[in-house]
Participant: 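Before I ask anything, let me first share the structure, which is written out below as structure tokens.
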Amino acid sequence: SHVDSNQERKTVIFDLCAGHGLLGLMLVASGRVSVDSAILVDAMPELTSLNRIKTHLESKLERNLDVSYFQSEIQSKQVEQKILNEVKTGARVVLLSIHACTFLTDIIMELAESTGCGFAIATCCGSDLWTRNQVQLVADSVRQSCAGTTKENGETCQVILDAIRFGRGLQMGFDMRWRTLPASISPQNRILIGLPDPEHCLENEWKEKRNHASIRLSKAYNRVSH
């Protein structure tokens with residue numbers, strides 16, 4: 001739909017696998033980030049605590065908080081359609097999740113790809129659903145090659161899974177970022193961030209770099225052969 005170019009763009013976040021919904025609620029309430037509204041998505045929402053906290057914050061802030069709950073599994077078509085509906089309004093839509101377990105991180109990345117939204121996911125326990133435990137074998141090799149490290153094998157496997165997801169995000173066309181929280185907050189402290197690249201600037205940049213690298217490599221071969 002047409003959006004007035006003079007109108008400031010609205011920012012909507014989808015807090016996926018929201019649980020009690022505090023992430024989305026606090027981002028709308030904080031005032032430190034420009035978030036206009038939050039849609040909290042979870043199959044089993046904890047509405048009692050959310051409504052109590054929301055009412056308390058609205059009283060303290062003396063304003064209404066545009067926060068709503070959508071009860072659904074995140075892999076449902078209804079969730080994808082709800083995201084697309086917000087995108088069609090011209091809003092800036094971002095998908096967020098804290099500790100999206102096992103395959104849920106992958107589903108959120110796929111939702112971001114299909115809707116063209118950016119995402120930030122604090123990953124959690126992961127399952128090797130793609131390679132029939134081959135990632136575990138990679139983790140064994142990494143652990144053995146890093147003798148003396150304090151990392152446990154299971155943690156190494158989780159890091160490798162997230163590294164694969166990082167690469168997958170690049171293949172999807174996102175400008176990827178890898179961030180970490182202090183381990184004292186959570187041992188599952190890795191954050192995958194995917195910035196949308198609607199004009200394929202990254203793809204063009206990569207092609208240009210590959211071309212330059214190919215030219216340099218050809219020159220190096222020529223020097224060696226002569």
Side-chain angles (χ1 to χ4, degrees), residues 1 3 9-30 32-46 50 65-127 129 161-181 186 188-200 202:
S1 60
V3 179
R9 196 177 179 192
K10 179 181 178 182
T11 298
V12 178
I13 61 170
F14 277 78
D15 182 358
L16 301 169
C17 307
H20 46 55
L22 281 181
L23 173 62
L25 180 61
M26 296 309 296
L27 285 174
V28 174
S30 70
R32 295 185 179 182
V33 291
S34 179
V35 175
D36 299 287
S37 67
I39 298 171
L40 318 176
V41 182
D42 200 282
M44 300 177 66
E46 300 176 20
L50 173 72
L65 301 177
D66 188 359
V67 177
S68 60
Y69 233 117
F70 185 66
Q71 185 169 357
S72 175
E73 300 280 357
I74 65 168
Q75 58 265 47
S76 74
K77 283 293 183 182
Q78 289 84 352
V79 171
E80 182 181 34
Q81 189 57 56
K82 195 167 185 65
I83 296 170
L84 287 171
N85 289 343
E86 292 294 334
V87 170
K88 289 175 183 176
T89 68
R92 180 186 296 107
V93 181
V94 182
L95 312 185
L96 304 178
S97 187
I98 290 183
H99 290 168
C101 293
T102 61
F103 62 91
L104 298 176
T105 290
D106 306 299
I107 289 175
I108 293 169
M109 290 178 66
E110 289 164 6
L111 276 172
E113 181 185 29
S114 66
T115 59
C117 299
F119 66 87
I121 308 168
T123 64
C124 194
C125 49
S127 297
L129 300 179
L161 277 170
D162 285 339
I164 291 171
R165 287 168 172 147
F166 186 94
R168 191 174 181 219
L170 291 173
Q171 286 187 320
M172 288 175 170
F174 290 100
D175 183 0
M176 294 296 295
R177 301 285 189 272
W178 179 288
R179 299 290 184 269
T180 55
L181 297 169
S186 171
Q188 299 286 356
N189 63 341
R190 295 171 299 281
I191 301 176
L192 300 179
I193 300 172
L195 306 177
D197 183 36
E199 297 180 0
H200 305 290
L202 279 174

Participant: To check you understand the geometry: which heavy-atom pair defines the closest contact between Thr105 and Ala100, and what is its length?
Facilitator: OG1-O, 2.9 Å
Participant: If you apply the rule side-chain contact (heavy atoms from CB on, under 4.5 Å), what do you find for Asp36 with Asp66, and how did you get there?
Facilitator: CA-CA 7 Å; Asp36 299 287; Asp66 188 359; 6.0 Å; no
Participant: Rounded at 0.5 Å granularity, tell me how far OG in Ser76 sits from CD in Gln71.
Facilitator: 11.0 Å
Participant: Just verifying a value: how many Å separate Gln81 CD and Thr115 OG1, rounded to the nearest 0.5 Å?
Facilitator: 11.0 Å
Participant: Search all heavy atoms of Gly118 against all heavy atoms of Pro196 and return the closest pair with its distance.
Facilitator: CA-CD, 3.5 Å
Participant: So which heavy atom on Phe119 is nearest to which on Ala112, and how close?
Facilitator: CD2-CB, 3.6 Å
Participant: Can you name the one residue among Leu27, Ile121, Leu16 that meets side-chain contact (heavy atoms from CB on, under 4.5 Å) with Leu96?
Facilitator: Leu27
Participant: Specify the closest pair of heavy atoms between Lys10 and Val12, including all atoms of both residues, with the distance to one decimal.
Facilitator: CE-CG2, 3.8 Å
Participant: Leu50 vs Leu40, test: side-chain contact (heavy atoms from CB on, under 4.5 Å). Steps then yes/no.
Facilitator: CA-CA 10 Å; Leu50 173 72; Leu40 318 176; 3.7 Å; yes
Participant: Would you check, one step at a time, whether the test side-chain contact (heavy atoms from CB on, under 4.5 Å) holds for Ile193 with Ile191?
Facilitator: CA-CA 6 Å; Ile193 300 172; Ile191 301 176; 3.8 Å; yes
Participant: Report the C-alpha distance between Val94 and Phe14 in whole Å, list the side-chain angles of each, state the deciding distance to 0.1 Å, and finish with yes or no for side-chain contact (heavy atoms from CB on, under 4.5 Å).
Facilitator: CA-CA 6 Å; Val94 182; Phe14 277 78; over 6 Å; no
Participant: Of all heavy-atom pairs between Val28 and Ser37, which one has the smallest distance, and what is that distance?
Facilitator: CG2-C, 3.8 Å
Participant: Minimum heavy-atom separation for Cys17 to Asp42, with atom names?
Facilitator: C-OD2, 3.2 Å
Participant: Would you indicate whether the side-chain heavy atoms of Leu195 and Phe174 approach each other to under 4.5 Å?
Facilitator: no
Participant: So, taking the atom named CE in Met26 and the one named CG in Asp15, what distance separates them when rounded to the nearest 0.5 Å?
Facilitator: 12.5 Å
Participant: Calculate, to the nearest 0.5 Å, the distance between atoms CG and CE belonging to Leu170 and Met176 respectively.
Facilitator: 6.0 Å
Participant: Return the CD to CD distance between Gln75 and Glu110, rounded to the nearest 0.5 Å.
Facilitator: 10.5 Å
Participant: Is a side-chain N or O of Asn189 found less than 3.5 angstrom from the main chain of Thr180, in a donor-acceptor match?
Facilitator: no
Participant: Checking Lys82 against Phe70: charged group under 6.0 Å from the ring centre and within 45 degrees of the axis?
Facilitator: yes
Participant: Can you measure from CD (Gln78) to CG (Asn85) and round to the nearest 0.5 angstrom?
Facilitator: 11.5 Å
Participant: Enumerate the side chain to side chain donor-acceptor pair (under 3.5 Å) contacts for residues 91-101, please, sequence neighbours excluded, ordered by first and then second residue.
Facilitator: Thr11-Arg92, His99-Ser186
Participant: Short question: side chain of Arg165, backbone of Asp106 - any donor-acceptor pair under 3.5 Å?
Facilitator: no
